[in-house]
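As structure tokens, the structure follows; a few thoughts come after it.
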Amino acid sequence: MRVLTGIQASGKLHIGNYFAAMKPMIELQESEELFTFIANYHSLTTSKDAKLLKELTLDAAIDYLALGIDPNRTTFWVQSDVPQVLELYWILSKFTPMGLLERAHSYKDKVAKGIPANHALFSYPVLMAADILLIDAQKIPVGKDQIQHVEITRDIATKFNNEYGEIFTLPEYIVKDEVATIPGIDGQKMSKSYDNAIDIFMESEKKLQKRCNKIISSSTPMGEPLEFNGCNIYNLASLFLDEDGKKELQDRYKSGKEGYGHFKKYLKELIWSEFEEAREKKAYYLEHLDEVKEILNDGANKMRKIADKKMTVVRDAVGIL
Ligand code: ADP
Ligand code: TRP
């Protein structure tokens with residue numbers, strides 16, 4: 001099964017991103033043929049700063065490698081290193097009715113948020129269709145907000161196939177099992193936009209502890225049993241625990257012998273040790289940027305071959321000499 005995931009490079013990753021999106025995606029490489037790329041042409045639609053976009057592209061590559069993308073199993077590349085995708089994007093544009101794009105929620109949401117309504121933003125789903133169809137990806141793991149884009153891809157592919165024969169594989173989306181919304185330090189959905197996130201890569205244990213100390217908890221006095229249900233500290237800690245671990249923590253809450261400060265310290269330890277290996281790998285890759293670039297280059301080389309093969313068929317079908 002060919003599974004494709006596209007990542008937008010958008011800066012610091014938090015533990016909400018990790019448990020809801022990254023971990024399940026990285027686990028797919030155990031059982032599937034995983035293709036993962038950094039969608040920097042897509043990021044261009046909202047980027048204003050060239051230097052920053054370059055940095056974020058490389059940062060994303062490092063973070064994903066550090067967190068477990070295995071280049072021996074997964075093909076990993078940067079979108080712009082496979083320029084065939086832009087050629088396909090143009091060809092697919094001809095099979096994209098205006099109405100299909102006008103109905104796209106993501107476009108309307110972005111414009112409503114004040115992002116300038118330009119053509120790249122409008123035709124974003126066509127580029128995403130090109131990413132998917134270029135490599136005949138079968139399954140696309142996405143968040144709910146991206147389902148419509150996969151449906152648009154199917155519509156475009158169907159229109160093309162109806163005219164020229166079965167050239168494109170129709171992709172299906174996989175929507176992650178509903179990972180409950182992961183709370184931030186204030187109990188609202190953790191998000192980098194709400195200043196309530198706990199980042200995966202904190203500079204030091206001390207800073208992580210400071211962040212954990214800011215988690216809003218109730219104010220039961222020390223010595224009384226504490227309620228774990230609905231407690232932000234408990235909810236966050238349980239992401240890192242198996243059933244026995246959760247039970248143990250619940251017993252500690254109920255015992256009345258410990259206060260929230262103890263649980264914040266425990267949570268800090270859980271987070272710090274969960275990402276210990278990732279921190280080491282990240283430090284390694286930061287020191288070995290050439291290796292990161294080589295991994296991305298190898299991925300791009302492999303993809304360009306796949307893309308060339310597909311584009312030969314597509315060009316021939318539509319009549320491009
Ligand atoms: P943010 O809200 O921080 O900007 P993104 O929109 O970049 O995060 O989300 C990237 C991925 O992580 C998406 O698949 C999204 O559903 C998931 N995600 C982000 N925050 C959370 C959260 N607090 N709980 C569950 N999933 C989340
Ligand atoms: N639009 C996706 C997002 O914002 C990223 C993306 C671009 C993508 N091309 C893709 C995802 C192809 C899956 C397949 O999350």
Side-chain angles (χ1 to χ4, degrees), residues 2-26 28 34-47 56-57 59-60 63-64 67 75-80 82 85-86 88-89 92 104-107 109-110 113 115 120-121 123-154 156-157 169 171-200 232 235-236 238-239 303:
R2 200 172 259 196
V3 180
L4 175 70
T5 60
I7 302 161
Q8 287 233 45
S10 53
K12 286 194 179 157
L13 296 165
H14 53 69
I15 59 182
N17 298 139
Y18 179 71
F19 284 103
M22 303 177 72
K23 195 166 178 235
M25 191 266 264
I26 291 170
L28 280 172
L34 185 63
F35 291 79
T36 298
F37 69 98
I38 300 173
N40 60 339
Y41 278 135
H42 281 107
S43 300
L44 190 59
T45 57
T46 45
S47 155
L56 290 178
T57 303
D59 282 354
D63 286 352
Y64 272 77
L67 287 162
T75 311
F76 190 40
W77 73 101
V78 177
Q79 187 180 34
S80 58
V82 185
V85 78
L86 292 182
L88 183 58
Y89 157 77
L92 294 180
H105 308 302
S106 165
Y107 170 73
D109 291 349
K110 286 175 183 167
K113 277 190 198 149
I115 299 174
L121 197 69
S123 62
Y124 179 115
V126 190
L127 181 56
M128 184 155 157
D131 292 325
I132 296 170
L133 300 177
L134 185 62
I135 69 159
D136 288 307
Q138 291 153 295
K139 299 274 181 188
I140 321 294
V142 285
K144 272 204 210 125
D145 61 321
Q146 298 294 318
I147 292 178
Q148 195 188 24
H149 289 158
V150 180
E151 287 170 345
I152 291 173
T153 302
R154 290 175 63 91
I156 295 172
T169 304
E172 285 171 19
Y173 55 79
I174 314 175
V175 178
K176 285 166 245 126
D177 289 345
E178 211 37 78
V179 185
T181 300
I182 294 162
I185 56 173
D186 57 357
Q188 305 300 308
K189 175 185 183 277
M190 185 179 291
S191 167
K192 59 180 167 299
S193 335
Y194 304 156
D195 191 26
N196 68 352
I198 301 178
D199 292 341
I200 296 175
N232 290 326
N235 287 342
L236 286 167
S238 61
L239 295 167
M303 292 319 295

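Counting starts at 1 for both ligands and their atoms, in listed order.
The proximity of Tyr173 to ligand 2, defined as any non-hydrogen pair under 4.0 Å, does not occur for either the backbone or the side chain.
For atom 2 (C) of ligand 2, the closest non-hydrogen atom on the protein side is Gln146 OE1, 3.3 Å. The protein atom (non-hydrogen) at minimum distance from atom 5 (C) of ligand 2 is Gly6 O, 3.7 Å. Nearest non-hydrogen protein atom to atom 9 (N) of ligand 2 is Asp131 OD2, 2.8 Å.
At least one heavy atom of Ile140 sits closer than 4.0 Å to an atom of ligand 2.
Asn196 has its side chain within reach of Met190: a pair of non-hydrogen atoms, C-beta onward, lies under 4.5 Å apart. Here the side chains of Pro125 and Tyr107 are not in contact, with every heavy-atom distance at 4.5 Å or above. With contacts defined as side-chain heavy-atom distances shorter than 4.5 Å, the pair Leu4/Phe37 qualifies. Considering only heavy atoms from C-beta on, Lys192 stays 4.5 Å or farther from Lys12 through its side chain.
Each of Ile135, Thr153, Asp136 was compared with Pro171 under the side-chain contact (heavy atoms from CB on, under 4.5 Å) criterion, and only Thr153 meets it.
The aromatic rings of His149 and Tyr124 are tilted relative to each other, their planes meeting at an angle between 30° and 60°.
In the vicinity of Tyr124, heavy-atom distances shorter than 4.0 Å reach the ligand 2 atoms 1 (N), 2 (C), 3 (C), 4 (O).
Residues satisfying the side chain to side chain contact (heavy atoms under 4.5 Å, CB included) test with Pro141, not counting sequence neighbours, are Val3, Thr5, Leu28, Ile174.
Pocket lining of ligand 1, defined as residues with a non-hydrogen atom under 4.0 Å away: His14, Gly16, Asn17, Ala20, Ala21, Lys176, Thr181, Ile182, Lys189, Met190, Ser191, Lys192.
The environment of Asp145 atom CG is dense: over 12 non-hydrogen atoms of other residues, nucleotides or ligands sit within 6.0 angstrom.
The N/O atoms of His149, backbone and side chain alike, include none that comes under 3.5 Å of an N/O atom in ligand 2.
In this structure a side-chain-to-backbone donor-acceptor pair under 3.5 Å is missing from Asn235 to Ile182.
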